Amino acid sequence: PGRGEARRGAAWRRLPRGRVAAEAPLSLRAPPRKESQTRLVRSNLLLLPEAEAEKPKRTSLASNRLKTTKYTALSFLPKNLFEQFHRLANVYFVFIALLNFAPAVNAFQPELALAPVLFILAVTAIKDLWEDYSRYLSDKEINHMECLVYSRNEKKYISRYWKEVQVGDFVQLRCNEIIPADILLLSSSDPDGLCHIETANLDGETNLKQRQVVRRFLELDSEFDPLKFTSVIECENPNNDLSRFRGYIIHKNGKKDGLFKENLLLRGCTIRNTEEVAGIVIYAGHETKALLNNNGPRYKRSKLERQMNADVLWCILILLIMCLFSAIGHGLWVWQYGEKKKPVFDVPGPDGKYLSPVLASVYLFLTAIIVFQVMIPISLYVSIEIVKICQVYFIHQDKDLYDEETDTQLQCRALNITEDLGQVQFIFSDKTGTLTENKMVFRRCTVSGIEYSHDDNDPRLLEKVNECAKHLEIMRSHEQPLSHLSPELCDIFDFFIALTICNTVVVTAPNQPRQKVDRFELKSPVKTIEDFIRRFTPSRLTSGSNSSSSSSLATNKSMHRCGLSVLSSTSTESTLLKLEEKLAGPEEGELRYEAESPDEAALVYAARAYNCSLVGRLSDQVSVELPHLGTLNFEVLHTLGFDSIRKRMSVVVRHPLTDEINVYTKGADSVIMDLLLPCDPRGKHQKKIQTKTQNYLNLYAVDGLRTLCIAKRVLSKEEYACWLKSHLEAESSTENREELLFQSALQIEKNLHLLGATGIEDHLQDGVPETIANLRKAGLQIWVLTGDKQETAVNIAYACKLLDHDEEIITLNAESPVTTGNMTIGFTPLYPPSSSVLSSLGLVIDGRTLAYALEPTLEDKFLALAKRCRSVLCCRSTPLQKSMVVKLVRDKLKAMTLAIGDGANDVSMIQVADVGVGISGQEGMQAVMASDFAIPRFRHLEKLLLVHGHWCYSRLANMVLYFFYKNAMFVALLFWYQFYCGFSGSSMVDQWYLIFFNLFFSSLPQLITGVLDKDVPAEMLIAVPQLYKSGQNMEEYQPHMFWMNMIDAMYQSLVCFFIPYFTYYDSEVDIFSWGTPITTIALFTIILHLAIETKTWTILHWSSCIFSILLFFFVALVYNASCPVCHPPSNPYWTMERLMGDPMFYFTCIISPVVALLPRFLYRTLQGTLFPTQLQLGRQLSKLPPEIRTQLLTKLNVKKESIHQTQPFANSFSPNFVANASDCCKAYNQNAPLPTSPKDESLFQEHTKAEYTTDRIVAASPQGALQFSYSENKLPSETSSQDTSMGFHGTSEMDSLSMGATFPWSPAVDQTDFSLLKWITSTPLFSRFGTVLQVSSSSLQNETQDTMCVLGSSLHEDFKGLKEQSSNNFQDKMKGTPYDSCKSDNSETTFL
């Protein structure tokens, strides 16, 4: 049931107009009754006239009106404020503003104190109002669409709005019309009672699907008349399962007919290729399945936001400490005067009495909270939302994330987790449609034990098909039984019949084109800001509900390996291209096939290539055209759809030539082979065929082909009659119907006769191997979870570079949980983390073993082994297992996970992961609609993570830290003043400046930096993927950085307070003439601090900083000139005007920011020069000329590869080494000590055996014997988890290398390189002037040499030629003007 089921339950217990005769009202204390799970629906046309008076109140309960708005004109203000006050920050600031109205504790003008919080609330309210008004317009457009509803008074169908449709109404629909509600199909203009619909608005699939009229109404002799409909419909309560509908219809004579999902037309779908249909409304409005799935995007909290909230709590604690300190200080200050010697400025209360020290302290505590309220950043959350929206907008504008072939671009469906893209540690990927194209090409097949290549329509097979057809024609004309046909020809005939009819392919003729209309889309009821950002918005009518029962073969996926085929013939590339073009679709004038999966289409087209063509499909009949025989009509008795548990599909038909009842089955070889009829001793030929077929299947899998087995069974009339009885009972059941149908399918899908097998190719997408290689270099661990058989998956893993040929592959195949436990326990200690040996491991595990490994008793052991492997490949995994694996890694390792897929079977995995990515592929849009981000191709994931993810994380992390610093620095100025005013809560800063300082004067530069700052250029982030690790390690925002910023803020505030204090000490200036310079200095310091932290400067950065300063002076001049009597006795009148005529004001505003920022400036410069981080080295590389940068990166990559190849291993084993567990333990202990952890004390159980061979496979018998081997005769170990390198890293196995190995660096720094000029020009703010400040070519040459020294002394000899070339380039630059030299420099200036 859907999420809204609980709140809708009460409504269903009432009786709406649509005769929803739910049972009697239930007491709140009574236990739920069994009948409450179903509902009754009767025709509205049977209502008695006296019941018309009850229509108005019934109508409102079952209306089809769509209402996604949250507010009305009257409820907007209170409801919106109530929602905004769910944010504790808003409650806090409203409380502070209201507290200011209390005369005893107020610090500012009460009306002025309300301004900031009212501004924030108003901005949010306007945004919410705009979004809700957009929803209102969308609802109005949908509700006023028209449809035909039957009228009892006029006795015909009349036009009504959608919003007027009720449950129990009869609706008539025509071709290309959109279905207004969930309707039970009772009539169709199609003579066979069929209706074709397009479900693109639900799941994105554009292929046609068939729906069937309810069986008894299909047998009506006359036209359907709604007035004669007296049946009662009992069905399940509204739910969001798109792939299931249970119920039955009770006729007047008491007979029942089962109702299935094939009888239900869902709201939002479009009628196609059918002139006219009619039905009764079952679910309306928000109770339709489509709208129950329309939950909108899910709210996720990013990892950065969670850490930020913790620091906000620290800010609150600091605020309370400051207030408490001030309160105690004020109490002591009042106490020291006693009762008699009160100062003249201490004003008594209205009763003439002075406050006691304790009461004065309490009042001062509240006053201090008002004065220091800026410590909590009121605009932080709003600023973060603005920055994220702008970041998403710029991501959408990236042309590199646009796919021209499919005309799709990246979509961001979750605005609040963009920074998580820069912190991903694990990627869980589907295969088919994600790594591959999901465009299937039929390549090979084996029939009756003989293998045929389909590269150019194998003439042998084509000749046998024609020969078979001739024999059948002769036998039919002479009325001979088919038993006279040879077994081989009989298998070939049945093989192609199975390919043709065992599917759900819909046939459409060229003279019956699918007339497309503009796709109607039910607009999302949430976040229309997304619609503003995106160029187009996909339908969000489903949140991706996943079902274990589907009519698609999409669950059983496999991969394609780009490489030499084991079985491929010597066909040329042109032949393959011609074949793909031929199989890609029908030529003009031929029939068109609408398949629910590319596999089915490939099989049907392949059968047609051998003259076995599917020419028609009805609900109970399939027409096949064969040579010589003409058209054969197979009566379809039952279709048992594919599901991920059975992993097969079957169709029960009556053979037109023999009148026998045949069961044709196709499915995964792992299940079909177990269902074959056991061979008796005399059936050696059949046993031989099975063995040959299995061998060919293994070869197909090694070749990277998708494999399917085809089988049949002939039922006797008695067997069919017995099975039919139980099957009909299962179909008509409303309780446990899926389980009963599953058991029914198992009864008939056994004792099968093997016909053959097929091999279908699925190409890798462009750029997949390169993308995976770069993601692994970035430190991302990639797991591929697929439903393929193991051999196919391993082959594809090599093709896409998930697995390397120089890796050791651990393959886990177990028959029991005990064996699985022995495996994981045995392997884990072989790779202790204490060893310095590089690990190069890959793990392959099949579905059965994975099911055991995910059990609570084994999951920790499995995870301990898996996390030590560079790559993990899970084969034969179900959708549930995929989500369990993601959840296990996410929860146990506390790692940031990303799941990417393209089909409905990936939805659960996508929703469980921290970041879900969907691919718009061949399997519809369910994965996209359930995801946080949607990309057209897998290769786009590289730039999305390495570039945009890194930028988003870096920007937001630095912006949050800057927010905390800025507020703390400004509040500390007020705190220091309390020592000089008796802790009275007074402020030397004018209240207008104090209130609007953070809101207006200093807000714009940080927003510009948060949106546009680029710490490293995109080209460098792609060229050096190792830079991504900074986000994984949270280097930009760590807990100690918050406290370092707080300390720096305290120091800067001391400087900015006491330099003006001593400057104006013992002078006659008033408080505002002293406080205004402090405010000006604070603004300069805060903006210059941001300038030091900014890595990239654009015209917008300069403009925002200048604008903020000019805005402050403009407001100050206007305010001081127009406010002569604002705050008597103090008066700000003409304060700024007088100060701007005082040279001391300018001197103070210059020297104070310099002294305040000098420690940070020196730290950044020295750290970037002596101990640069990876990001700083990347910025240094990006500043080099392109040709030098390219050569340098090339040499770096070569050196890293040579380091990796020559790394010694601590253990070496012979390929034929065989030992038992104790021997293995002993041999290992001689070379590398085992960790002392109790978990790793034993390598294997005493009875476990280990065998090292060269096969790269590990198998386990039920008895627990292990056989495992490695592709290299070496024993690797896991690397140290600590990253000691400060240079660029290679792939994950290089993490333990020293800095000199991974990115050579010379700690010895030439002392002649240290100069104030060099320090200054190394910072972003002044780096543009560096070229101008250099005065000679020799100094430029020295700078080039220094740069090379920074990049590594160990590469000194390699770069001699580069130095000379660089020097010449710099000298050529200096021949021009200084302006030209500055202009030619890199536009993105960075730190060292």
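Bear in mind that the values here come from a model prediction, so they are computed numbers and not experimental data. In this chain, residues are counted from 1 in sequence order.
Across all their heavy atoms, M969 and C1056 have their closest contact at CE-SG, 3.5 Å. Contact detail for Y1064 and M1144: the closest heavy-atom pair is OH-C, 4.4 Å. Here the closest heavy-atom approach between residue P1159 and residue V1155 is recorded as CD-O, 3.5 Å. Across all their heavy atoms, V334 and L355 have their closest contact at CG1-O, 4.2 Å. For I1059 against T1063, the heavy-atom pair with the smallest separation is O-OG1, 2.5 Å. Of all heavy-atom pairs spanning V387 and G1010, the tightest one is CG1-O, 3.4 Å.
Using a distance-only test at 3.5 Å, with no hydrogens or angles considered, a donor-acceptor pair links the side chain of S361 to the main chain of A327. H330 places a side-chain N or O within donor-acceptor distance of the main-chain N or O of G982, the cut-off being under 3.5 Å. Formation of a donor-acceptor pair under 3.5 Å by the S1182 side chain with backbone atoms of R1179 is found in this model. Proximity of a side-chain donor or acceptor of N958 to a complementary backbone N or O of S954 within less than 3.5 Å is detected. Here the side chain of Y1051 pairs no donor or acceptor atom with the backbone of A1156 at under 3.5 angstrom. Put simply, the side chain of Q978 gets close to the backbone of G985: a donor and an acceptor are under 3.5 Å apart. No donor-acceptor distance shorter than 3.5 angstrom exists from the side chain of W951 to the backbone of P1017, with no hydrogens or angles considered. Judged by distance alone, the side chain of Y962 and the main-chain N or O of I1086 form a donor-acceptor pair under 3.5 Å.
L1157 is listed as a side-chain neighbour of H1089, based on a closest heavy-atom distance under 4.5 Å. Using a 4.5 Å heavy-atom cutoff, the side chains of Q1167 and Q1176 are in contact. Residues L956 and K388 are in side-chain contact: their nearest non-hydrogen atoms beyond the backbone lie under 4.5 Å apart. M1050 is not listed as a side-chain neighbour of F975, based on a closest heavy-atom distance of 4.5 Å or more. Contact annotation: the side chain of E305 never approaches that of I384 to less than 4.5 Å [non-hydrogen atoms, C-beta and beyond].
Under the side-chain hydrogen bond (donor to acceptor under 3.5 Å, both in side chains) criterion, E1137 pairs with no residue at all, not counting sequence neighbours. By the salt bridge (Lys or Arg N to Asp or Glu O under 4.0 Å) test, D128 is found to be paired with no residue, residues two or more places apart in sequence or in another chain being considered. Partners of F95 by side-chain contact (heavy atoms from CB on, under 4.5 Å), not counting sequence neighbours, listed by chain and number: L99. With sequence neighbours excluded, the residues that form a ring pair (Phe, Tyr, Trp, His ring centres under 6.0 Å) with F964 are F1042. Listed by chain and residue number, S986 satisfy the side-chain hydrogen bond (donor to acceptor under 3.5 Å, both in side chains) test with S984 (two or more places apart in sequence, or in another chain). Remark: D1070 engages R1138 in a salt bridge (Lys or Arg N to Asp or Glu O under 4.0 Å) (not counting sequence neighbours). In this view, N309 and Y381 satisfy the side-chain hydrogen bond (donor to acceptor under 3.5 Å, both in side chains) rule, not counting sequence neighbours. Residues meeting the ring pair (Phe, Tyr, Trp, His ring centres under 6.0 Å) test with W335, sequence neighbours left out: none. With sequence neighbours left out, P1060 forms a side-chain contact (heavy atoms from CB on, under 4.5 Å) with W1074, I1078, I1081, T1148, S1152. Under the salt bridge (Lys or Arg N to Asp or Glu O under 4.0 Å) criterion, E1036 pairs with no residue, sequence neighbours left out.
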Item to complete: May I have the step-by-step check of side chain to side chain contact (heavy atoms under 4.5 Å, CB included) for I96 and I376, ending in yes or no?
Response: CA-CA 11 Å; I96 295 298; I376 310 300; over 6 Å; no

Discussion item. Is there a side chain to side chain contact (heavy atoms under 4.5 Å, CB included) between I1092 and L1088? Walk through the geometry before answering.
Written reply: CA-CA 6 Å; I1092 292 176; L1088 288 175; 5.7 Å; no

Worksheet item: Are T1076 and Y993 close enough, and set up right, to give a side chain to side chain contact (heavy atoms under 4.5 Å, CB included), and what steps lead you there?
Response: CA-CA 9 Å; T1076 300; Y993 301 151; 4.0 Å; yes

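Ring planes of Y1065 and F1062: tilted class, angle from 30 to 60°. Taking the six-membered ring where the residue is Trp, F325 and F983 present perpendicular rings, their angle passing 60° and hence far from 30°. A perpendicular orientation is assigned to the rings of F997 and F1001, their planes being inclined by more than 60° (bins at 30° and 60°).
With E1093 as reference, R1164 is the one residue of R955, K966, R1164 to meet the salt bridge (Lys or Arg N to Asp or Glu O under 4.0 Å) rule.
Sorted by first and then second residue, the salt bridge (Lys or Arg N to Asp or Glu O under 4.0 Å) pairs involving residues 309-324 (not counting sequence neighbours) form an empty list.
Other residues, nucleotides and ligands place more than 12 heavy atoms under 6.0 Å from the CZ atom of F979. More than 12 heavy atoms of other residues, nucleotides or ligands lie within 6.0 Å of CZ in F85, so this atom counts as buried by the packing criterion.
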Side-chain donor-acceptor distances from residues 362-371 under 3.5 Å, at least two apart:
{"residue": "T367", "atom": "OG1", "partner": "V105", "partner atom": "O", "Å": "2.9"}
{"residue": "T367", "atom": "OG1", "partner": "Y363", "partner atom": "O", "Å": "2.9"}

